Structure formats: C-alpha cells, structure tokens
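All values below were derived from every heavy atom in this structure, side-chain atoms included, with hydrogens, water molecules and symmetry-related copies excluded. Since the model is a prediction, treat every value here as computed from it, not as a measurement. Counting starts at 1 for both ligands and their atoms, in listed order.
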Amino acid sequence: MSEPKRRLHPETIAIHSAAKRPETGDVMPPIHLSTTFVRAPDGSYPSGFDYIRSGNPGREELETCLSELEIAEVAVATPSGMAATHAVFSALDPGDRVLVPLDTYYGTKNLLHTHFERWGLEVESIDMSSPTVIERALERRTRLIWLETPSNPCITITDLGHAIAAAQRHGTLVACDNTWATPVLQRPLELGADIVVHSTTKYIAGHSDAMGGAVLFRERSETAERVREAQTEAGLTPAPFDCWLIRRGLYTLACRMKTHCENAQRLAEFLETQDGVERVHFPGLASDPGHEVAKRQMSDFGGMLSFVVHGGRERAFDLVNSLSIARPATSLGGPETLIEHRASIEGEGTQAPEGLLRVSVGLEHPEDLTADFGEALAASTA
Ligand SMILES: *Cc1c(COP(=O)(O)O)cnc(C)c1O
C-alpha cells in the first residue's frame with residue numbers, strides 16, 4: 001500500500017497504522033517478548049532496538065497508531081493511565097504551579113496531593129466550567145493547566161477551545177485527559193492543547209482485561225523528551241503483551257464507541273423520564289448544561305453518564321443491588337455495563353453526591369439495559 005495523501009478517518013487509521021511487516025508478512029502484529037536484541041559486527045543495532053526498556057516493536061506500533069489517531073508528533077505508551085499522568089507532572093519543575101479541575105479524576109487528585117506537593121508542585125483546583133475562574137487563576141504564574149472533559153463523576157463539559165485560548169495567552173502548557181472521549185470523539189491536540197493523556201485501560205483497550213496509558217504531544221518539546229525519559233530511563237515501560245492487547249482494542253474502538261454512545265443516549269433519555277431519578281448528567285441530553293459545548297467539540301456524547309436518585313445513599317445501593325445486567329464495579333469502557341456508587345469508593349473529601357450513581361454504558365442491547373434499570377428502579381422504590 002503506498003502512502004495515502006488524504007488524511008484517513010480514525011476507523012481506517014486504527015486498522016491500518018504500521019501494518020507493514022514485509023519480513024514476515026504478518027497481517028496482525030506478533031508479540032515480541034525478547035528483552036534484548038543482537039548487535040552488528042560494528043557494534044550498531046541494525047533493527048533499531050537494543051533493550052526492552054528503550055524500545056519494543058509492539059510498543060512502537062501502539063505508539064504510532066495512537067499518534068496518528070490523536071494527530072500527535074510524539075506518543076509515549078506507559079503501563080497505566082496513572083503512570084502517564086505521573087510522567088507528565090514529573091516533567092515539570094519543583095516550584096511550578098498547576099491548575100486542575102475541581103472534579104478531576106480521583107487518582108490524579110490523590111497523586112498530586114500525596115506525591116507532587118511533597119515534590120514541590122503547587123496545585124490549585126478550580127472550576128473549569130467557568131471562563132472567568134480560569135482567566136483569573138491563569139493570571140498568577142502557572143506552568144500547566146490540566147483539563148478533563150467529560151469529567152468524573154458529574155460528566156461536566158469544559159469548553160476546550162476557551163480554556164486552551166486562555167492558556168495560550170498566558171504561555172501556559174495545556175494537558176487534557178482524553179480517556180473518556182477517546183480520539184474517536186474528541187481531539188484536544190487539534191484544538192491547540194499541547195499534551196493528551198490516556199488511560200488506555202478504558203475504552204481504548206476496551207475489554208476490561210488490560211492496563212495501560214499514553215502521553216501524546218502535539219509537537220516535539222523538552223517536556224516530551226522528559227516524558228520519554230520517564231518511560232525509557234525511569235522504567236514507566238508497558239509490557240509487550242499489554243501493548244498487544246491495547247493495540248488490538250484500537251481495531252474496534254470506533255465501532256465500539258458508536259454503540260457506547262447510542263446506548264448511553266437511550267439510557268439517559270429513559271432515566272430522565274423515571275420518577276425515582278432526581279437528575280441525569282449526560283451531555284447528549286438537550287437539558288444538560290454541557291450540551292451545546294459538547295456538540296461543538298465532540299463528534300458524539302460518549303458512553304458515560306451519571307444520575308442522582310431520590311433517597312440518597314440507601315436508595316442508590318438498593319438500586320444497584322436490584323440490577324441484574326449492569327454489574328457493580330469500578331472502571332469503565334469495557335463491553336459490559338458497570339454501575340458505581342462514587343461517593344463510597346472515593347471516600348473522604350468526595351465531591352460526589354450520596355445519591356449519585358455513575359454508569360459506564362456497555363454494548364448490550366439498549367432495550368435490555370433500559371428494562372434492567374426500569375425494573376430495578378421500580379423494585380427499589382417499593
Ligand atoms: C482510569 C482513569 C485514569 C487512571 O488510569 P489507570 O489506567 O487506572 O491508571 C485516569 N484518568 C481517567 C479519566 C480515568 O478514567
């Protein structure tokens with residue numbers, strides 16, 4: 001296949017990226033487990049690989065595919081989403097100030113407060129849905145602003161274009177955790193962000209059976225080099241089999257996202273009509289405060305929703321225990337619908353209301369899902 005001139009669509013990129021292996025003719029990538037590679041008589045490494053920590057063919061294929069999907073110049077695969085997040089913050093310097101959303105992913109917030117404050121980063125949590133709050137916070141010397149949209153657990157939408165423009169006026173780096181939207185629905189680098197972070201454990205791997213992460217950079221930079229060093233020098237290096245599973249997930253990402261989005265839309269619309277439900281957070285609902293912005297910056301509204309039941313924690317647990325298809329477990333992005341009471345998993349300091357349940361809407365038939373939630377709501381009212 002000669003190099004296409006057109007930019008291909010994500011569906012096509014995900015399948016054909018780095019798929020040429022003339023030496024073996026493999027259509028699907030093999031798993032390279034070798035930790036070390038032979039040197040030529042002159043001491044060079046003819047394959048370009050020397051040792052597993054500095055490079056692995058499958059990891060490179062995964063990185064190439066991710067960089068083509070996000071339109072990034074540099075991609076660094078890591079063994080988890082938190083390793084990716086850690087690598088980004090460790091590329092900053094002690095004394096740097098960072099802005100994060102009030103409702104940033106709980107693990108990110110914990111990492112910043114337990115590790116990076118001790119390490120010398122100054123962290124401020126702000127309401128990213130308010131342009132004036134962002135502007136005011138940026139006025140003080142800030143090295144990096146961290147965005148996450150849609151957010152967890154209230155599925156809040158941040159206007160990426162606005163936040164990125166404000167950061168650029170102040171010379172501040174912009175990193176966006178794009179785990180929930182995936183490059184199929186939203187591409188922050190195209191909107192001017194500098195860095196995208198993924199937990200590939202979620203939609204990208206897509207089957208709740210592999211852990212991974214990635215950091216992507218719009219352009220080469222010193223920060224990108226530092227993140228690469230975290231992978232190859234500090235050892236935030238993913239295992240070959242995980243890279244293979246995650247690369248495998250990418251083949252079907254676009255078609256899975258389509259069904260996740262359709263099912264989430266159906267379930268959100270259904271929940272909105274239910275008496276036991278106080279409110280539904282889902283940007284695909286016209287009533288949602290993030291609807292217009294999400295419509296502008298995403299190609300669809302995603303597979304994550306949350307809702308608040310009347311009756312607080314007790315009713316929420318009752319409902320979860322009355323469901324027969326949706327399973328009570330943390331995490332997201334797999335084929336199965338998962339439901340989670342966020343306040344009890346996050347514990348002290350949680351922003352989640354006691355009656356809130358977060359749903360990762362899976363790939364089951366939507367009528368089976370709405371029936372399951374309808375029956376459980378009826379059973380838990382009684
Ligand atoms: C899960 C998740 C992470 C952390 O990723 P791990 O792969 O579990 O380390 C970070 N950000 C978001 C938005 C997530 O959902």
Look only at interatomic distance and state if [X] has a nitrogen or oxygen under 3.5 Å from any nitrogen or oxygen of ligand 1.
X      : result
Tyr105 : no
Met211 : no
Thr201 : yes
Gly81  : yes
Ser199 : yes

Please verify whether a non-hydrogen atom of Asp177 lies at under 4.0 Å from ligand 1.
yes
Test item, Gly212 contacting ligand 1 (heavy atom, 4.0 angstrom)
yes
Would you mind checking which non-hydrogen protein atom is closest to atom 9 (O) of ligand 1, with the distance to 0.1 Å?
Met82 N, 2.8 Å
Measure the distance from atom 1 (C) of ligand 1 to every protein heavy atom, then report the residue, atom name and distance (to 0.1 Å) of the closest one.
Lys202 NZ, 1.3 Å
Step by step, work out the salt bridge (charged side-chain N to carboxylate O under 4.0 Å, His left out) result for Arg228 and Glu63.
CA-CA 12 Å; Arg228 177 70 72 196; Glu63 290 176 343; 3.2 Å; yes
Between Leu92 and Val98, is any pair of side-chain heavy atoms under 4.5 Å apart?
yes
Measure up the Phe241 and Trp244 rings against each other and bin them: parallel (under 30°), tilted (30 to 60°), perpendicular (over 60°).
parallel
Where does the angle between the aromatic ring planes of His86 and His115 fall among parallel (under 30°), tilted (30 to 60°) and perpendicular (over 60°)?
tilted
Can Arg266 and Glu262 be said to form a salt bridge (charged side-chain N to carboxylate O under 4.0 Å, His left out), step by step?
CA-CA 6 Å; Arg266 287 274 290 271; Glu262 280 169 18; over 6 Å; no
Here's a test for you: under side chain to side chain contact (heavy atoms under 4.5 Å, CB included), which of Leu323, Leu319, Val320 qualifies with Ser380?
Leu319
Per the side-chain hydrogen bond (donor to acceptor under 3.5 Å, both in side chains) rule, which among Thr104, Thr158, Asn178 passes with Glu148?
Thr104
Ligand-side contact atoms (ligand 1) for residue partner Trp180, heavy atom cut-off under 4.0 Å
13 (C), 15 (O)
